Asks: 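Before anything else, here's the structure in question.
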2 protein chains.
Amino acid sequence: MTRDREATGERILAAAAALFAEHGYDQVTVRMIASAAGANVALVNRYFGSKANLFATVLITASTVTAAIEGDPGRMPARLAEHVAHRLRTGASEPLVRMLDRAGTSPEIRAVLAARVEAGLVDAISARLPGPQARERALLATVIILGAGSLRRLLGPDGLHDADPAVLEARLETAFRACLAPPGG
Amino acid sequence: MTRDREATGERILAAAAALFAEHGYDQVTVRMIASAAGANVALVNRYFGSKANLFATVLITASTVTAAIEGDPGRMPARLAEHVAHRLRTGASEPLVRMLDRAGTSPEIRAVLAARVEAGLVDAISARLPGPQARERALLATVIILGAGSLRRLLGPDGLHDADPAVLEARLETAFRACLAPPGG
DNA sequence: TTTTCAAGTATACGCTTGTTTACTCTGGTG
DNA sequence: CACCAGAGTAAACAAGCGTATACTTGAAAA
């Protein structure tokens, strides 16, 4: 066994990211992470301080829907609709939403997640919205993004598996547009 | 202490309902329930078999958004919008959504919740939708309902606390209408 | 009053959790 | 080669969980 602290740390981080996204914070134990990473249990706490801190570290690197948020703000509803529709139909999960959704109820974990959602979704969206009440509108769009994650996880992809993608996207785009449109427009 | 099995059982049930809605399944222990009900720990399992079974029993009696779902289907989007807007602004939580949202990740618990959401939301809505693809449309509306619960719990009511209720409702109504409208309409 | 049975109690079992401690091993350095 | 900082390990810790057991108590029936 080659002894390489950095490599081991990254194996732990990668294993934790995969497991947290798959099963959620509560359901994942440090022993699971260590086992998946091929490392000893003690190293998880040794290198990351605590499970909660490891989770926070994972969250920083977790990808978000930024691809759908960035770009021409006018087409953001369409991109978000496509993103959400794809997730609803296929079951491919946005890691951040998934972790959020599967996160436990521990207050500190929720706080970490809330901060991440604020930064990665609400702030990212509202920063690109022209006009007043940008945050309020961004929050409404976040409702749909989060709700899609909840629904999919709860009921599985079965419900919308063979829905017409075009119709689904059209509905969602209208919904997103209603959320995001400037007031009075 | 008056000895009354039925009354004790109901005290346990009521305490469990309140605690599950407040903190979620995972975060509530049978000891907390027993303590809040003024009953002994052992009675919880004695009367309800298991914690999971108690949760299932609580769910059956948990109220839902039925008031907003029932009535003239044409005005369902408006009623749902009002319901969700009210929750988003004030923080008043629908018990079922709250429990769902705060539920843990245990598969059996999720299954119980999924069944309840299917019956109380998806089926209830789709049964009142004229036209084809009723279930698909009901699922999209459920996305918003669940998402509102997620967002509110995660970020608190601060974000939309002082948003204009009328504007909020109007946006949500349009969104709900986009989800629920018959195809091709 | 005495009997009796279920309601209620105290306690501990078995297990899992995150975390820590004390140890062993290894590879690079003098 | 001898050495040693540090990577990796094994084992146990304390705490908390759901649950089961064996016991005590109280009120209604005889």
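The sequence lines fix the lettering, A, B, ..., with proteins before strands; numbering per chain opens at 1. Remember, it's a predicted structure, so these values are computed and weren't measured experimentally. As a basis for the values below, the full set of heavy atoms in this structure was taken, side chains included, without hydrogen atoms, waters or symmetry mates.
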Asks: Sub-3.5 Å donor-acceptor pair from the side chain of A:R11 to the main-chain atoms of A:A37, do we have one?
Replies: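 Yes.
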Asks: Check this one for me: any side-chain N or O of B:S50 less than 4.0 Å away from OP1 or OP2 of D:dG18?
Replies: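 B:S50 to D:dG18 OP1/OP2: no side-chain N or O under 4.0 Å.
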Asks: Name the residue closer to the 5' end of DNA chain D, choosing between B:A52 and B:R46 according to the nucleotide with the nearest heavy atom.
Replies: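 Looking at DNA chain D, the more 5' nearest nucleotide goes with B:A52.
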Asks: Would you indicate which nucleotide in C:dT21, C:dG18, D:dA7 comes nearest to any side-chain atom of A:A42?
Replies: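 Among C:dT21, C:dG18, D:dA7, the one nearest the side chain of A:A42 is C:dT21.
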Asks: Atom NZ of B:K51 and atom C1' of D:dT19: how far apart are they, to the nearest Å?
Replies: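 Roughly 12 Å, once rounded to whole Å.
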Asks: A:M32 or A:G49: which one's nearest nucleotide on DNA chain C is closer to the 5' end?
Replies: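 By nearest-heavy-atom nucleotide position, the 5'-most residue is A:M32.
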Asks: Spell out, yes or no, whether A:V167 and B:F176 are grouped together once hydrophobic residues are joined by side-chain heavy atoms under 4.5 Å, including indirect joins.
Replies: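 No, separate clusters.
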Asks: Among C:dT20, D:dG8, D:dT19, find the nucleotide with the atom closest to the side chain of A:L43.
Replies: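 Within the option list, the nearest is D:dG8.
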Asks: When you measure from the side chain of A:R152 to the backbone N and O of A:R89, does any donor-acceptor pair fall under 3.5 Å?
Replies: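 Side chain of A:R152 to backbone of A:R89, a donor-acceptor pair under 3.5 Å: no, none is there.
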Asks: For A:Q27 and C:dT16, what is the distance between atoms CD and C1' respectively, to the nearest whole Å?
Replies: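 Roughly 12 Å, once rounded to whole Å.
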Asks: If I take atom CZ in residue A:R11 and atom P in nucleotide D:dA7, what distance separates them, rounded to the nearest angstrom?
Replies: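 The distance from CZ of A:R11 to P of D:dA7 comes to 13 Å, rounded to the nearest Å.
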Asks: Check for a donor-acceptor pair, side chain of A:R171 on one end and backbone N or O of B:A178 on the other, with a separation under 3.5 Å.
Replies: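 Side chain of A:R171 to backbone of B:A178, a donor-acceptor pair under 3.5 Å: yes, one is there.
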Asks: Could you state the CZ-C1' distance from A:R3 to C:dT26, rounded to the nearest angstrom?
Replies: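 Atom CZ in A:R3 sits about 5 Å away from atom C1' in C:dT26.
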Asks: Can you tell me how far P of C:dG18 sits from CD1 of A:I12, to the nearest Å?
Replies: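 My rounded result for the distance is 14 Å.
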Asks: Could you check whether A:Y47 gets within reach of a base, just the sugar-phosphate, or nothing at all, counting any heavy atom under 4.0 Å?
Replies: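 Counting heavy atoms under 4.0 Å across all strands, the contact made by A:Y47 is with sugar-phosphate only.
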Asks: Send over the distance from B:L19 CG to D:dC17 P, rounded to a whole Å.
Replies: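 After rounding, the reported distance stands at 13 Å.
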Asks: Drop me the distance from B:L139's CG to B:E118's CD, to the nearest 0.5 angstrom.
Replies: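 Atom-to-atom, B:L139:CG and B:E118:CD are 7.0 Å apart.
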Asks: Starting at the 5' end of DNA chain C and moving along, which residue's nearest nucleotide shows up first, A:N40 or B:V41?
Replies: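 Here B:V41 is the residue nearer the 5' end.
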Asks: Within this structure, what is the CZ-to-C1' distance between A:R31 and D:dA11, rounded to whole angstrom?
Replies: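 Atom CZ in A:R31 sits about 10 Å away from atom C1' in D:dA11.
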Asks: So, is A:T8 close to the D:dG8 phosphate, meaning a side-chain N or O under 4.0 Å from OP1 or OP2?
Replies: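 So the side chain of A:T8 is within the cut-off, an N or O lying under 4.0 Å from OP1 or OP2 of D:dG8.
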Asks: Using whole Å, what does the distance between atom C1' of nucleotide D:dG8 and atom CD of A:E6 come to?
Replies: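 Rounded to whole Å, this separation is 17 Å.
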